[in-house]
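Just so you know, these numbers come straight off a predicted model, no measurement behind them. In this chain, residues are counted from 1 in sequence order. Just so you know, ligand 1 is whichever comes first in the structure, and atom 1 is the first atom listed for that ligand. All values below were derived from every heavy atom in this structure, side-chain atoms included, with hydrogens, water molecules and symmetry-related copies excluded.
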Amino acid sequence: MNKRFALVAVGAALALGLSACGGEGAGGGGAATPSANSAAPEDLTIGVAMPTQTSERWIADGDNVKSQLEEAGYQVDLQFANDDIPTQQQQLDQMISGGADVLIVAAIDGTALGTQLESAASQNIPVISYDRLIRDSENVNFYVSFDNYKVGVQQATSVLVGLGLLNADGSENPSAPAGPFNIELFAGSLDDNNAGFFFNGAVDTLKPFIDNGTLVVKSGQTEIAQVATLRWSQEEAQRRMENLLTGTYNDGSTVNAVLSPYDGISRGIITALQNNGYGSGSKPYPIISGQDAEIASVKLINDGVQYATIFKDTRLLAEQAVTAAQSFLQGQEPEANDTETYDNGVKVVPSYLLDSTIVYKDNITAALVDSGYYTQAEVDAGQTS
Ligand code: GAL
């Protein structure tokens with residue numbers, strides 16, 4: 001495998017070296033210009049910067065990227081930054097000074113890495129933005145992610161299905177209940193480009209139901225700045241839900257649905273609800289959405305506490321990141337399937353976007369177990385083994 005890749009790399013170097021050297025980097029601008037690297041994979045190092053290990057999702061992403069790169073023969077420098085921006089900046093500085101040949105970066109704050117990316121570009125190190133778009137820099141070569149607007153549409157769809165306003169297949173339900181239903185909205189971290197995409201997709205989907213009075217945002221908090229959750233923090237989400245329950249819902253009214261953009265946030269919301277008496281007696285849990293199919297939340301869905309999540313297969317995302325890294329090392333532009341959507345403020349970053357799936361209680365097995373993402377035992381236990 002290593003030898004085969006080395007040959008391919010050498011061939012690519014010969015075939016493409018000339019044009020790659022003269023060509024523009026992905027998306028042009030000041031980004032690193034791909035040039036074939038004739039070194040054997042084992043002599044090449046890929047720096048992988050992940051945001052945090054407090055979320056199981058990023059641990060899985062880190063593991064998947066690392067193991068797939070290692071399988072292809074590369075050296076891997078994988079770092080997690082504890083959701084601390086200076087730590088991530090430092091880790092990138094070290095990867096660059098340590099001679100990384102490609103960087104794969106899931107940013108904590110998408111706007112905070114300009115200096116690091118400039119120094120990467122000056123050394124012709126291609127930068128792949130992983131899941132979260134790095135903003136305000138021309139030194140981003142490629143973006144691998146999911147269709148994030150669609151993820152938001154799916155989150156809102158799952159809420160509408162849970163309330164019976166849409167059929168399970170997402171079609172209109174002619175005998176839908178009239179409501180009104182009280183709903184509260186949560187968004188992710190404003191410094192993460194994805195947060196706006198999720199929120200816009202969701203709100204566009206909920207809007208007709210809000211406009212005709214079927215859904216009521218009782219708190220009146222409908223702007224993303226009012227409902228955002230810094231660093232996607234579970235604790236912060238719990239605090240905001242507690243404030244909503246003691247503020248807006250202290251008149252005997254109940255909350256019927258919560259739009260949540262991420263499983264960690266959903267778990268914070270659920271804790272606040274449980275402390276307030278939801279989930280027992282006359283106060284059933286509201287319909288709560290999520291994202292990432294984190295194992296603890298899959299169990300909550302199985303137990304009927306959370307209503308749904310969005311499954312984004314991190315194995316496939318890792319595969320795209322690895323493919324893109326290999327393309328750059330071979331002096332080629334990675335294959336993009338979207339060259340319009342992800343404008344980072346300076347340029348449109350060529351992207352490869354993957355599809356996502358809504359997971360309800362009744363398709364946990366089909367979506368997550370049959371695909372080998374989790375075992376049935378892990379789903380039952382609510383933790384990975
Ligand atoms: C986003 C990502 C989501 C979720 C969230 C919190 O950038 O797209 O899937 O993981 O961060 O970690």
Side-chain angles (χ1 to χ4, degrees), residues 49-65 80-85 88 104-113 128-135 140 143-155 158 186-202 224 227-238 259-269 288-298 306 308-318 320-321 338 341-342 344 349 351-359 367-368 373:
M50 290 284 154
T52 178
Q53 276 171 303
T54 56
S55 157
E56 170 211 307
R57 165 251 139 132
W58 294 112
I59 300 176
D61 285 90
D63 286 350
N64 286 326
V65 173
F80 292 89
N82 221 358
D83 257 343
D84 182 54
I85 298 164
Q88 187 162 60
I104 297 176
V105 184
I108 297 165
D109 177 331
T111 63
L113 301 177
I128 299 164
S129 193
Y130 187 91
D131 199 41
R132 298 174 171 177
L133 184 64
I134 299 176
R135 292 196 51 88
V140 187
Y143 180 44
V144 293
S145 189
F146 293 80
D147 181 337
N148 293 305
Y149 180 88
K150 185 172 158 203
V151 169
V153 171
Q154 290 176 321
Q155 288 169 335
S158 71
F186 282 69
S189 196
L190 291 178
D191 53 9
D192 180 343
N193 193 60
N194 288 346
F197 276 82
F198 301 148
F199 192 69
N200 289 342
I224 188 166
V227 306
T229 315
L230 184 66
R231 298 282 110 76
W232 305 85
S233 152
Q234 176 166 341
E235 292 72 29
E236 191 181 319
Q238 181 181 336
L259 172 79
S260 165
Y262 158 59
D263 286 344
I265 289 179
S266 313
R267 292 195 294 273
I269 292 166
I288 306 166
S289 62
Q291 175 173 208
D292 286 347
E294 292 199 325
I295 191 69
S297 297
V298 173
Q306 184 173 321
T309 187
I310 308 302
F311 172 44
K312 306 195 308 190
D313 194 330
T314 52
R315 297 169 300 188
L316 301 182
L317 186 59
Q320 284 309 321
D338 184 300
T341 311
Y342 286 97
N344 79 346
V349 183
S351 311
Y352 196 97
L353 306 180
L354 292 158
D355 252 340
S356 48
T357 310
I358 307 179
V359 177
L368 300 176
Y373 202 71

Tell me whether [X] has any N or O atom under 3.5 angstrom from an N or O of ligand 1.
X	answer
W58	yes
N194	yes
R57	yes

What is the closest protein heavy atom to [atom], and at what distance does it sit?
atom	value
atom 11 (O) of ligand 1	R132 NH2, 2.9 Å
atom 4 (C) of ligand 1	D292 OD2, 3.1 Å
atom 7 (O) of ligand 1	D192 OD2, 2.5 Å

**OP:** Check D131 against ligand 1 and report side chain, backbone, both or neither, counting heavy atoms closer than 4.0 Å.
**Re:** side chain
Original post:
Between F198 and ligand 1, which residue portion shows a heavy-atom distance shorter than 4.0 Å: side chain, backbone, both, or neither?
Top reply: side chain
Going by distance alone, is a donor N or O of one side chain under 3.5 Å from an acceptor N or O of the other, for [X] and [Y]?
X	Y	value
S55	Y262	yes
D263	Q306	yes
Y143	D338	no

Subject >> Heavy-atom pair of closest approach, residues P261 and F186 >> reply: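 Looks like CD-O, 3.5 Å.
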Subject >> Note, T314 side chain near W58 side chain (heavy atom, < 4.5 Å) >> reply: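 No, every pair of side-chain atoms sits at 4.5 Å or beyond.
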Subject >> Note, L317 side chain near L354 side chain (heavy atom, < 4.5 Å) >> reply: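 L317 vs L354: side chains touch.
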Original post:
In terms of atom number and element, which parts of ligand 1 are under 4.0 angstrom from non-hydrogen atoms of K312?
Top reply: 2 (C), 3 (C), 8 (O), 9 (O)
**OP:** Please round to the nearest 0.5 Å and tell me the distance separating atom OH of Y342 and atom CG of N194.
**Re:**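 Answer for the OH-CG pair, Y342 versus N194, is 6.5 Å.
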